[in-house]
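Worksheet for the structure shown next.
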Number of protein chains: 2
Amino acid sequence: MAQKTSPDKIFETALAVFAKYGFRRTRVEDIATELDIATGTLYRYVKNKKDLYEKTVMFGIKRWQTKVFEAIAGIEDVTEQFIVMAKKGYGYLADDVHLRQILITDPSIFPLTPRKVRFPEIDIASINLIKSILKKGVKKKVFCNIDINMTAELFYSFYVMFIIKTYIKSDGHSTQQMFENGLELILNGLLRKA
Amino acid sequence: MAQKTSPDKIFETALAVFAKYGFRRTRVEDIATELDIATGTLYRYVKNKKDLYEKTVMFGIKRWQTKVFEAIAGIEDVTEQFIVMAKKGYGYLADDVHLRQILITDPSIFPLTPRKVRFPEIDIASINLIKSILKKGVKKKVFCNIDINMTAELFYSFYVMFIIKTYIKSDGHSTQQMFENGLELILNGLLRKA
DNA sequence: TGAAAAAATGAATGTTTTATTCATTTTTTC
DNA sequence: GAAAAAATGAATAAAACATTCATTTTTTCA
């Protein structure tokens, strides 16, 4: 038998356990037990509980971001690239219930009021992706001549709002519906009128 | 203002919190916070955390049993009384998600393997109710001349099995359906043939 | 109103739980 | 089969938690 466990397996399991109980209520032992390994073994992969949590969150996010990158990789048309980035990104997250639970629950990831953010890399990576698409669109004169930095951040806020909104349970309209509606509006504003 | 809180309010809240996190993962402070009172105040009503839990469970059960008693109170016909006891009892429990969560999760309430039961009063009260209905039915010659004690325990086991079964998630048939099916069978066996 | 009784508070304390380490054992590598 | 890597879990340190109680606040009732 190869190694009894692997980083991927550890973080996948930890994601589920942290999602179920939250950081405070999960014991390191809970995760070890779920993995069927000794507690000490976990410490060969992480420095401490906090580190385990952070690596776990980053694992989830990275996996999500990778999927989005792959989804837009082959696409030539900027407009479509923008749409796919937005819709698939949203869809993949909706599917990953554990990651979503954590993103929604942990106020240090997407704070509702301004304060220190725990994982700035997440925002940077996502905003950069948006920027690169916007830049391409502006250059190709498909999008209006917008302020790329500001628009990227604006769009990212819109995105995050919907991640959190999922939890707030809107009445009447489904969040999915509202998201697509807002997306259309933004895209419309973005496109150069012929 | 009258007292800031009351036993009923405390146990109602505690029921929800214990149901959400389980005994180990809930802190006494969690319940106090939810009630918007200080931790120390709780100790005016209960001896310790274990006592709080036990009183909470008993509060939930008592409320359930009272509802069942009230539901059958005015009924004359034994057969109908039996049916109402069984169906309403099951229905009330299905509605009380917090109580059900605790009954299903805590193995010391309805153990699947023989061991010391934590709340014997629960079983005694329920079995006694069943016995009293059976006794009346036999006396009135509506039910067959069964062994009342044994049949009461048998029926109670059937009942408990379905409380737990709810959790096991059967495929195909709904638990509700299966319960009513079994109930019909038992009732049929119980009734004297004309 | 105001003095006694009842209720509520939350900081302080001691116990329990939990995180973390590391000497030892087991498994893998070559 | 010897060295290196991985895994273990009992032991220890650190943190979380339950519980107490001296003090404050609120209610009661003359």
Side-chain angles (χ1 to χ4, degrees), chain A residues 1-60 98 102 105-109 116 118-119, chain B residues 1-60 98 102 105-109 116 118-119:
Chain A
M1 185 176 55
Q3 260 175 270
K4 195 174 175 188
T5 195
S6 72
D8 272 16
K9 205 176 158 205
I10 286 174
F11 298 130
E12 171 108 52
T13 303
L15 198 71
V17 179
F18 278 130
K20 188 167 179 192
Y21 300 123
F23 180 79
R24 211 198 64 224
R25 288 182 223 262
T26 96
R27 300 177 302 180
V28 174
E29 207 197 315
D30 291 333
I31 294 166
T33 303
E34 188 66 30
L35 282 160
D36 196 30
I37 62 174
T39 318
T41 308
L42 268 176
Y43 285 83
R44 296 187 16 75
Y45 298 86
V46 297
K47 275 201 291 295
N48 50 42
K49 188 183 174 186
K50 189 159 159 277
D51 185 41
L52 169 58
Y53 179 71
E54 287 170 352
K55 287 203 166 76
T56 298
V57 173
M58 286 315 285
F59 164 83
H98 296 149
I102 289 174
T105 312
D106 183 341
S108 77
I109 299 179
K116 218 168 111 208
R118 201 187 321 212
F119 303 95
Chain B
M1 185 176 53
Q3 261 176 269
K4 195 173 176 188
T5 194
S6 72
D8 273 15
K9 204 176 158 205
I10 286 174
F11 297 131
E12 171 108 50
T13 302
L15 197 71
V17 179
F18 278 130
K20 188 167 180 193
Y21 300 124
F23 181 79
R24 211 198 64 223
R25 287 183 223 261
T26 95
R27 300 178 301 180
V28 174
E29 206 197 315
D30 291 333
I31 294 166
T33 303
E34 188 67 30
L35 282 160
D36 196 29
I37 61 175
T39 319
T41 309
L42 269 176
Y43 285 84
R44 297 186 17 75
Y45 298 86
V46 296
K47 275 200 293 295
N48 49 44
K49 188 183 174 186
K50 190 159 160 276
D51 185 42
L52 170 58
Y53 178 71
E54 287 170 352
K55 287 203 167 77
T56 298
V57 173
M58 285 317 283
F59 164 83
H98 296 150
I102 289 174
T105 311
D106 183 341
S108 77
I109 300 180
K116 218 168 110 208
R118 205 198 302 223
F119 303 95

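Below, chains carry the letters A, B, ... as their sequence lines are ordered, and counting in each starts from 1. Keep in mind that the numbers below use all heavy atoms, side chains included, and drop hydrogens, waters and symmetry copies.
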Quick one: is [X] getting a side-chain N or O under 4.0 Å of the [N] phosphate, OP1 or OP2?
X	N	result
A:Y45	D:dA7	yes
B:R27	C:dT17	no
A:T41	D:dA6	no
B:R24	C:dT18	yes

What is the distance from [atom1] of [X] to [atom2] of [N], rounded to the nearest Å?
X	N	atom1	atom2	result
B:N48	C:dT16	CG	P	12 Å
B:Y21	D:dA16	OH	P	17 Å
B:R44	D:dA18	CZ	P	20 Å
B:L42	D:dT20	CG	P	13 Å
A:Y43	C:dT18	OH	P	13 Å
A:K49	C:dT17	NZ	P	16 Å
B:K47	D:dT20	NZ	C1'	16 Å
B:R25	C:dT16	CZ	C1'	16 Å

So what's [N] paired with, Watson-Crick or G-U wobble, going by both distances under 3.5 Å?
N	result
C:dT17	D:dA14
D:dA3	C:dT28
D:dT19	C:dA12

| Looking at B:F23, is B:K50 sitting on its ring face, NZ or CZ under 6.0 Å from the six-membered ring centre and within 45 degrees of the normal? | no
| message | side-chain hydrogen bond (donor to acceptor under 3.5 Å, both in side chains) for B:D106 and B:S108? Distances and angles first, verdict last. | response | CA-CA 5 Å; B:D106 183 341; B:S108 77; 2.7 Å; yes
| field | B:K9/B:D36 salt bridge by N-O under 4.0 Å criterion | value | no
| message | Need one value for A:S6: base, sugar-phosphate or nothing, where a base atom within 4.0 Å counts as base even if backbone is also close, heavy atoms only. | response | nothing
| Of A:I37 and B:K50, whose closest DNA chain D nucleotide lies nearer the 5' terminus? | A:I37
| remark: Walking DNA chain D from its 5' end, the first of B:V28 and A:D36 to be reached, judged by nearest nucleotide, is A:D36
| said: How about CD on B:E54, more than 12 heavy atoms from neighbouring residues, nucleotides or ligands closer than 6.0 Å, or not? | reply: yes
| request: Would you name the heavy atoms of B:V17 and B:T26 that are closest together and state the gap between them? | output: O-CG2, 3.5 Å
